[in-house]
Amino acid sequence: MSARTRSLAVAMAAASALVLSACGGGGGGGGADSDEAIPIGIIADLTGATGDVGKPYNEGMLAYVDWRNEEGGIEGRQIEAKSNDYAYEVPQAEQLYKQYVNDGVVAIQGWGTGDTEALSGSVSRDELPFISGSFAEPLTDPEEAPYNFIIAPTYSDQMRIALNWISEDSGGKSDVAVFHNDSPFGEAPVADGKNWIEEEGLELGYEAYPMPSGSQNFVGLLSQAKDQGAKYIVIQNVASPAALVAKDIAAQKLDMKIVCLNWCANELFIESAGPKNAEGHVLVQPFAPMAADKEGHQVIKEYAEANGIDTADIGTSWVQGWYAMDVMAEGIEAALKNGDDLTGTAIREGLETMGAIETGGVVGDGSVEFSADSHRGSTATGIYRAEDGKMVEIEDGATL
Amino acid sequence: MAATATGIHHRSYTSELRLRATRAEYFRLGLMTVLLLILPFVLDNFWLSQANLILIAVIGAVGLNILVGYTGQISLGQGGFLAVGAYSSAILSDRIGLPTPLAILVAVLLTAAVGTFFGLPGLRLKGLYLAIATLASQMIIEFVIRRWDWLTLGQGYLNVERLNLFGFQIGGRQVFEQQWYWVLLVLAVLTVLTARNLFRTGLGRSFMAVRDQDIAAEAIGVNIPRAKLTAFAVSSGFVGLAGALTAHYSEVVSWEKFTLDVSILYLAMIIVGGLGSIAGAVYGAIFMTMLPELIRQLSLGLGDTLPFLADELPAVRNAVFGLVIILFLILEPRGLDRIWHRIKDYFRYWPFRY
């Protein structure tokens, strides 16, 4: 091949490439056509550090989609949920996010605090409503994160309610140790808890301890907490490590009461710790467990019966997933009812203006409501105690 | 070494020093240029985002290869240095208000300075000992970015404004990846050219002399401490650039992106690509960035026949990651670059064996 033919070949390649490029591109975007499926992306943790609760949460979301599609979908349109595992790794979440954006999804269901925060900027620039399993407080501010929605009280609110409860339970004076996951998720309510004690003038000692990931026991941390004089251990982590703490407290015969927030306040905690070890510990859980038998659980029971799922296997995380998807679906329905094209902006407006979303007593005090000024869906939470291996309600819809 | 093409006679030193000597090389360069130019028009936004990640990885991997491959200073501190670049550029541009290009430049210089500081143990330590010392730098930097609240104003992460280059603002969802592609392509090409030329200078050769035999290098007049520290500075400068670009491209900076895993990933890139080869760093960056996505696509394709692939995807990815490194270490320690040379040689000599 001579030099001239070679340059000719390069030029030809360039020309054909330009032709190809003219054919490519275009397309994409969720149209307003009435019978197109509604694409929603799910970034799920099935196998990562928080997989113990992430997996049932994902199953709950998919079950809701299944149920809703059977019921005829949203305004006659089916929901097309794409769920992928990101193993609680931020770069993987970003990768999935890019893919969903490219696939033209109209909204996204996320999971962890680190990745939700990492994506919040992109989400607002791409105008995609984002509901996630993270209830970190900065995500409720529409100025900071205009497309993030939090459907339950924030971790900080849960911490404040827990501290109020501890103050009351202890007769006004006690010492609290906060054991938290060593990540943005775990750290989210720590500083707010300390500020709350100062603001309210509570007589509570307060010390935070990061829980080393992968630990096989927490005896070391517990002995630090014992030196501090802590009678209460607030845990901001998922169920499995919290259950280890409960086991260690029982093994060391310590006089300490665990107060679990949200992701460890579930049946899995009781099951993993063993009913005996879990006995008497307190669970701050904004989503009513199946055992509480609220009106909003009825639909889940019917779905479970029809699909051969044992309701005894449905944990709180599963219910959370169901209702996270329910809230999003309600927002989408509101957008469609407004007669808007189904865009992220329309869904956001739907969620902000539709008023209270009723959850039949399952989330907070029963309803989730957003406004243009606040994406904090609820401020109320239930408080439960582990008794005989069950979650027994001690307070319904507790608020600050 | 790879064989040189037969029939080429150099009559001057400049001719001998040319980066490309044969027509075939120019032809391949032309093809590659065409390919790089058409990519943004044929790829959809997702694959283009992968290309952008690769371009950033290329800059980082070239930087690391200067240190590890060319100077023989093992470093496990890559994640930390990326973080220095990312945090400093984000803070300088968004909080202090420097124009972004200037912020990136200062971030590069700052990372070079931090790299030089953490390179100091390299004056006394070699091999495994140095690896552990640089591991300490990773740990220290990670500690700082996690625990120093003022870095993120107590928020835990930093939101970064959309990139504005000399008045040109990167656009929205539809054009975002494409516009970034051009920015990153220019910088990656400049990085590769700079690094490629670095090793034709006296400074670059002193790096290689230190790697090959430091005592002999000292005997022939190479200032070893200076060469080692300069290598750390130059290398970390490149890595700082990659870090700064990560920050502006992903528009958020959080410590979770700069862990030890990232350091190991970059080391894997240059091992798989080929230590001591700029082209190798590029191949490695492409290969290791694409690998997880390719495995995912494969698991999606084989979802029906081999469902465990999809169910255990992250575990499968980690296993394949480990396996690839082991296979390369055993079968071709000099990496993809060497494989490419062998393929070229095969065709060059065909039908003869050598």
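Chain letters run A, B, ... following the sequence lines, proteins first, then strands; residues in each count from 1.
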Exercise. At a heavy-atom separation under 4.5 Å, does B:L53 approach chain A through its side chain, its backbone, both, or neither?
Worked result: side chain

Problem set entry | Portion of B:R317 that has a non-hydrogen atom of chain A nearer than 4.5 angstrom | side chain

Exercise. Heavy-atom distance under 4.5 Å to chain A: side chain of B:E161, backbone, both or neither?
Worked result: backbone

Exercise. Relative to chain A, which segment of B:V253 carries a heavy atom at a distance below 4.5 Å: side chain, backbone, both, or neither?
Worked result: neither

For this session: Spell out the residues in residues 243-252 of chain B that have some non-hydrogen atom less than 4.5 Å away from a non-hydrogen atom of chain A, in order of number; otherwise answer 'none'.
Result: B:Y249, B:S250, B:E251, B:V252

Problem set entry | Between B:T33, B:N159, B:D44, B:D149, the one whose heavy-atom pairs under 4.5 Å with chain A are most numerous | B:D44

Problem set entry | Part of B:Y26 within contact of chain A (heavy atom distance under 4.5 Å) | neither

Seminar exercise, completed: Interatomic distance, OH@B:Y157 vs OG1@A:T116, rounded to 0.5 Å, equals 9.5 Å

Problem set entry | Separation of A:Q95 CD from B:R296 CZ (nearest 0.5 Å) | 7.0 Å

Problem set entry | Residue list, ring pair (Phe, Tyr, Trp, His ring centres under 6.0 Å) with B:W255, at least two apart or on another chain | none

Problem set entry | Residue among B:K257, B:R162, B:E293 with most heavy-atom pairs under 4.5 Å to chain A | B:R162

Seminar exercise, completed: Value for CD (A:Q92) from CG (B:L313), rounded to nearest 0.5 Å, stands at 8.0 Å

Exercise. What pair of heavy atoms forms the shortest contact from A:G114 to B:E256, and how long is it?
Worked result: CA-OE1, 3.2 Å

Exercise. If you count heavy-atom pairs under 4.5 Å between each of A:R125, A:E117, A:K98 and chain B, which one has the most?
Worked result: A:R125

Exercise. Is there a donor-acceptor contact under 3.5 Å from the side chain of A:N102 to the main chain of B:N45?
Worked result: yes

Exercise. Should the heavy atoms of other residues, nucleotides or ligands under 6.0 Å from CZ of B:F168 be counted, would the total exceed 12?
Worked result: yes

For this session: Show the numbers, then the answer: is there a side chain to side chain contact (heavy atoms under 4.5 Å, CB included) between A:D182 and B:R146?
Result: CA-CA 10 Å; A:D182 197 10; B:R146 286 185 72 171; 2.7 Å; yes

For this session: Measure A:E94 against the heavy atoms of chain B and call it side chain, backbone, both or neither at under 4.5 Å.
Result: side chain

